Peer 1: 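Mind having a look at this structure? Questions to follow.
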Amino acid sequence: MDQANTGTIETPQPVRISFRNLSGALLLFLCSSLASAGILGGWPQSTVAATLVLGVFVVLEIYRVPRQQLVTGLCLVLIGSLAAYPEGGIFDSVVKASKGTLIFVALFVAVAFLQYPALNSPSMFAVREVIVSQPAGRRYATLSLSAHFFGALTNFAALSLLSTFLFGNLDSNARERMACAMIRGFALAASWSPFFVSVAVILYIMPELTWLRIAMPGVPLAFILLVYGWTFDRIAHRKPPLEEIQASQVTVPAKLKSETIYKISVLGLVLVGSILFVSETLVVTMPIAIFLVTPLISVIWQALLSRQGGQGSLGGMATSVLENISKLRAEIVVFLSANFLGYSAAMIIDPATVSSTLIDAGIYGWSAIFVLLCFMLLSTMLMLHPLVLIVLLGQVFPGEALGVQTVSLALCMSAIWGVGTPSSPGSGLTLFMTRILQRSPWYVSWRLNAVYSLGGITVAGGYIALVNRWFLM
């Protein structure tokens with residue numbers, strides 16, 4: 001942390017991994033491998049074995065889950081049990097939830113491989129230097145766009161790299177603005193990036209969709225919300241701090257070299273292209289394709305960096321990856337619990353009853369989209385994670401019956417993940433920035449982002465209603 005306070009980049013260093021973390025990481029890697037083998041080979045025995053390994057991991061690691069996530073998971077399990085018990089379906093919900101969680105374990109494990117080479121990449125450092133050198137009037141837009149596109153490619157590694165900018169010579173107001181730019185831009189990649197859990201969850205609960213069907217309208221949605229975020233910041237902060245004005249008068253913005261742009265573009269094309277090729281060729285879900293492709297490309301990436309005399313090593317990468325995988329216990333417990341609640345709720349909530357009730361109230365088409373978005377935002381701000389909402393609503397919300405097309409419903413779910421998580425006190429993004437800004441989660445989520453999220457939902461709702469009415473009918 002002392003290094004970070006000086007504004008320098010802290011490169012991942014090889015550390016000795018504890019036996020407990022090593023065993024947990026190996027269990028998850030084994031679980032992902034067995035799940036992938038079961039899907040590729042059509043071997044139900046392999047899927048059963050993966051489910052059992054996941055159960056062993058949860059039993060061994062549940063006491064190490066942070067209190068907030070543990071309480072959330074236990075509450076979800078309790079509510080789900082109360083819903084499933086009268087129907088005698090608790091065991092059935094547990095089995096379905098466990099099997100449904102397997103593909104997300106594979107996604108979590110795969111993304112862990114990307115972080116080490118991304119944090120060692122000179123090209124990524126070059127991008128950071130360009131952002132740091134921008135004058136005050138351009139920093140928000142530059143940082144927001146960078147967090148979005150690099151987050152879409154490297155997931156959380158982008159935040160780890162870009163957040164070092166916040167330890168520079170910025171006053172508290174400027175630091176908060178730049179922190180908001182970072183998490184807002186990063187979160188909006190949930191509208192289309194295959195490396196984000198949001199897209200994987202949507203594809204899981206809506207198997208009739210493909211990634212391209214989500215990404216094609218999702219990319220324009222993300223762009224519109226990025227422009228909205230910049231506009232919101234310009235209106236909310238029309239008078240920059242004096243220090244930023246002075247800094248903008250002497251700062252000479254750095255330029256990104258064409259070689260750097262070329263390298264990053266090639267990496268993105270190879271990574272996404274390979275994943276799409278494997279997904280279509282082997283006919284597997286996107287998370288499984290990511291698990292099959294990303295570790296290999298990440299190892300090759302780091303090997304090339306080491307060969308060129310860059311930082312890091314394959315040995316250090318192995319240790320870092322295992323350490324990162326071992327820390328996934330909270331995400332897995334929450335997702336498993338949300339899955340359990342979704343399947344349990346589906347036993348007692350009749351979608352036909354929900355649709356008739358809403359239609360009787362005059363809620364149909366565009367109004368159903370706005371009601372859904374407002375309900376999800378309110379729930380998110382009250383600490384119910386979008387993951388839980390997406391899984392639950394995916395099981396019980398009758399979109400088609402209410403004039404909301406399947407793609408439109410998917411866009412609603414990705415939109416709430418994109419603009420809702422910054423205003424959720426319990427989201428990982430909020431907690432990440434809480435540590436950096438030394439502010440409470442309530443301040444970061446409600447004080448800094450609540451109004452932004454409310455406006456973002458309005459903008460997103462208008463776009464989705466337009467798409468639903470004119471492009472999907």
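None of these values were measured; they are calculated from a predicted model. Keep in mind that the numbers below use all heavy atoms, side chains included, and drop hydrogens, waters and symmetry copies.
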Peer 1: Applying side-chain contact (heavy atoms from CB on, under 4.5 Å), run through M216 and W211 and close with a yes or a no.
Peer 2: CA-CA 9 Å; M216 289 180 66; W211 174 69; over 6 Å; no
Peer 1: Report yes or no: is the cationic atom of R329 (NZ for Lys, CZ for Arg) closer than 6.0 Å to the six-membered ring centre of F57, at no more than 45° off its axis?
Peer 2: no
Peer 1: Spell out, as yes or no, whether a donor-acceptor pair under 3.5 Å connects the side chain of T380 to the backbone of T421.
Peer 2: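 Not confirmed, T380 side chain does not pair with T421 backbone.
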Peer 1: Can you tell me which residue pairs pass the side-chain hydrogen bond (donor to acceptor under 3.5 Å, both in side chains) test with a partner in residues 261-286, sequence neighbours excluded?
Peer 2: E259-K263
Peer 1: Whether the side chain of S193 engages the backbone of A190 through a donor-acceptor N/O pair (distance < 3.5 Å, no angle test) should be reported.
Peer 2: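 No: the side chain of S193 does not pair with the backbone of A190.
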Peer 1: Side chains of V127 and S146: does their closest heavy-atom pair fall under 4.5 Å?
Peer 2: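 SC-SC contact between V127 and S146 confirmed.
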Peer 1: Between Y452 and F232, how do the two ring planes meet: parallel, tilted or perpendicular, split at 30° and 60°?
Peer 2: perpendicular
Peer 1: Give, for atom SG of C412 and atom CD1 of I390, the distance between the pair rounded to the nearest 0.5 Å.
Peer 2: 10.5 Å
Peer 1: Please report the interatomic distance CE(M413) to OG(S191), rounded to the nearest 0.5 Å.
Peer 2: 13.5 Å
Peer 1: State, to 0.1 Å, how close A106 and I288 come at their nearest heavy-atom pair, and which atoms those are.
Peer 2: CB-CD1, 4.1 Å
Peer 1: Apply the test side-chain contact (heavy atoms from CB on, under 4.5 Å) to residues I39 and L282: give CA-CA distance (whole Å), side-chain angles for both, the deciding distance (0.1 Å), then the verdict.
Peer 2: CA-CA 10 Å; I39 293 174; L282 301 180; over 6 Å; no
Peer 1: May I ask you to decide if the ring planes of F108 and F335 are parallel, tilted or perpendicular, using 30° and 60° as cut-offs?
Peer 2: perpendicular
Peer 1: Is N120 close to M317 at the side-chain level, that is, under 4.5 Å between some pair of heavy atoms?
Peer 2: no
Peer 1: Would you indicate whether F223, at its atom CZ, is surrounded by more than 12 heavy atoms from other residues, nucleotides or ligands within a distance under 6.0 Å?
Peer 2: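 Not more than 12 within 6.0 Å, no.
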Peer 1: Do I457 and S453 have side chains that approach each other closer than 4.5 Å (heavy atoms only, starting at C-beta)?
Peer 2: no
Peer 1: Are any non-hydrogen side-chain atoms of M182 and M433 less than 4.5 angstrom apart?
Peer 2: yes
Peer 1: Applying ring pair (Phe, Tyr, Trp, His ring centres under 6.0 Å) to F432 and F186, what does each step give before you reach the verdict?
Peer 2: CA-CA 12 Å; F432 178 81; F186 176 84; 8.7 Å; no
Peer 1: Hey, mind stepping through Q302 and S298 against side-chain hydrogen bond (donor to acceptor under 3.5 Å, both in side chains) and telling me if it holds?
Peer 2: CA-CA 6 Å; Q302 181 56 52; S298 300; over 6 Å; no
Peer 1: Write down the atom of L429, the atom of A187, and the distance for their closest heavy-atom approach.
Peer 2: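 Taking every non-hydrogen atom into account, CD1-CB, 3.6 Å.
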Peer 1: Roughly how far, to the nearest 0.5 Å, is the CG atom of L107 from the CG atom of L203?
Peer 2: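 So the gap between those two atoms works out to 10.5 Å.
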Peer 1: Between N339 (side chain only) and V391 (backbone N and O only), is there a donor and an acceptor less than 3.5 Å apart?
Peer 2: no
Peer 1: Please check if the side chain of T294 supplies one atom and the backbone of F291 the other of a donor-acceptor pair under 3.5 Å.
Peer 2: no
Peer 1: How far apart are the closest heavy atoms of M381 and A450, and which atoms are they?
Peer 2: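 Heavy-atom minimum between the residues: CE-CB, 3.6 Å.
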Peer 1: Indicate yes or no: at least one non-hydrogen side-chain atom of S144 is less than 4.5 angstrom from one of W230.
Peer 2: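 S144 vs W230: side chains apart.
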Peer 1: Please name the pair of heavy atoms, one in F195 and one in A152, separated by the smallest distance, quoted to 0.1 Å.
Peer 2: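 That would be CD1-O, 3.2 Å.
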Peer 1: Assess the residue pair N468 and S408 against the criterion (side-chain hydrogen bond (donor to acceptor under 3.5 Å, both in side chains)); give the C-alpha distance rounded to whole Å, side-chain angles, the decisive distance to 0.1 Å, and a yes or no.
Peer 2: CA-CA 6 Å; N468 185 72; S408 300; 2.8 Å; yes
Peer 1: Tell me, with the steps shown, if I202 and S414 meet side-chain contact (heavy atoms from CB on, under 4.5 Å).
Peer 2: CA-CA 8 Å; I202 292 170; S414 62; 4.0 Å; yes
Peer 1: Roughly how far apart are S306 OG and W301 CH2, rounded to 0.5 Å?
Peer 2: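 Here the rounded value is 12.5 Å.
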Peer 1: Would you please say whether a donor-acceptor pair under 3.5 Å links the side chains of Y228 and R184?
Peer 2: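 No.
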Peer 1: Please name all residues satisfying salt bridge (Lys or Arg N to Asp or Glu O under 4.0 Å) with R64, sequence neighbours left out, ordered by chain then number.
Peer 2: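 Expected list: E61.
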Peer 1: State, yes or no, whether a side-chain contact exists between L114 and N155 at a heavy-atom distance under 4.5 Å.
Peer 2: no
Peer 1: M286 pairs by side-chain contact (heavy atoms from CB on, under 4.5 Å) with which of V278, I214, L276?
Peer 2: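 Checked V278, I214, L276 against M286; only one passes side-chain contact (heavy atoms from CB on, under 4.5 Å): L276.
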Peer 1: Less than 4.5 Å apart, side chain to side chain, heavy atoms only: is that true for S445 and S424?
Peer 2: no
Peer 1: Run the salt bridge (charged side-chain N to carboxylate O under 4.0 Å, His left out) check on E208 and R213 step by step: do they pass?
Peer 2: CA-CA 10 Å; E208 66 272 23; R213 288 191 65 191; over 6 Å; no
Peer 1: Ignoring hydrogens and angles, tell me if any N or O in the side chain of T142 forms a donor-acceptor pair with the backbone of R139 under 3.5 Å.
Peer 2: no
Peer 1: Would you sort out whether Y116 and E323 count as a side-chain hydrogen bond (donor to acceptor under 3.5 Å, both in side chains), showing the intermediate values?
Peer 2: CA-CA 11 Å; Y116 189 83; E323 192 71 42; over 6 Å; no
Peer 1: CG/L225 to NE2/H148 distance, rounded to the nearest 0.5 angstrom?
Peer 2: 9.5 Å
Peer 1: Kindly give the heavy-atom pair with the smallest separation between L377 and S423, and that separation in Å.
Peer 2: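 Heavy atoms of L377 and S423 come nearest at CD1-OG, 3.8 Å.
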Peer 1: Run the numbers on L292 and L40 for side-chain contact (heavy atoms from CB on, under 4.5 Å), then give the verdict.
Peer 2: CA-CA 11 Å; L292 295 174; L40 288 172; 4.0 Å; yes
Peer 1: Does any part of the side chain of N21, heavy atoms only, come nearer than 4.5 Å to the side chain of L322, both counted from C-beta?
Peer 2: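 Sidechains of N21 and L322: no contact.
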Peer 1: Looking only at heavy atoms, what is the nearest atom pair of V407 and P217, with distance?
Peer 2: CG1-CG, 3.9 Å
Peer 1: When you measure from the side chain of T154 to the backbone of G151, do you find a donor-acceptor pair of N or O atoms at a distance under 3.5 Å?
Peer 2: no
Peer 1: Assess, by modelled atom type and distance only, whether the side chains of S36 and S33 contain a donor and an acceptor separated by less than 3.5 Å.
Peer 2: no
Peer 1: Kindly compute the distance separating OH (Y463) from CD1 (I369), expressed to the nearest 0.5 Å.
Peer 2: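 Rounded to the nearest 0.5 Å, the OH-CD1 separation comes to 11.5 Å.
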Peer 1: For the pair S98 and T101, evaluate side-chain hydrogen bond (donor to acceptor under 3.5 Å, both in side chains) and give the outcome as yes or no after the intermediate values.
Peer 2: CA-CA 5 Å; S98 299; T101 304; over 6 Å; no
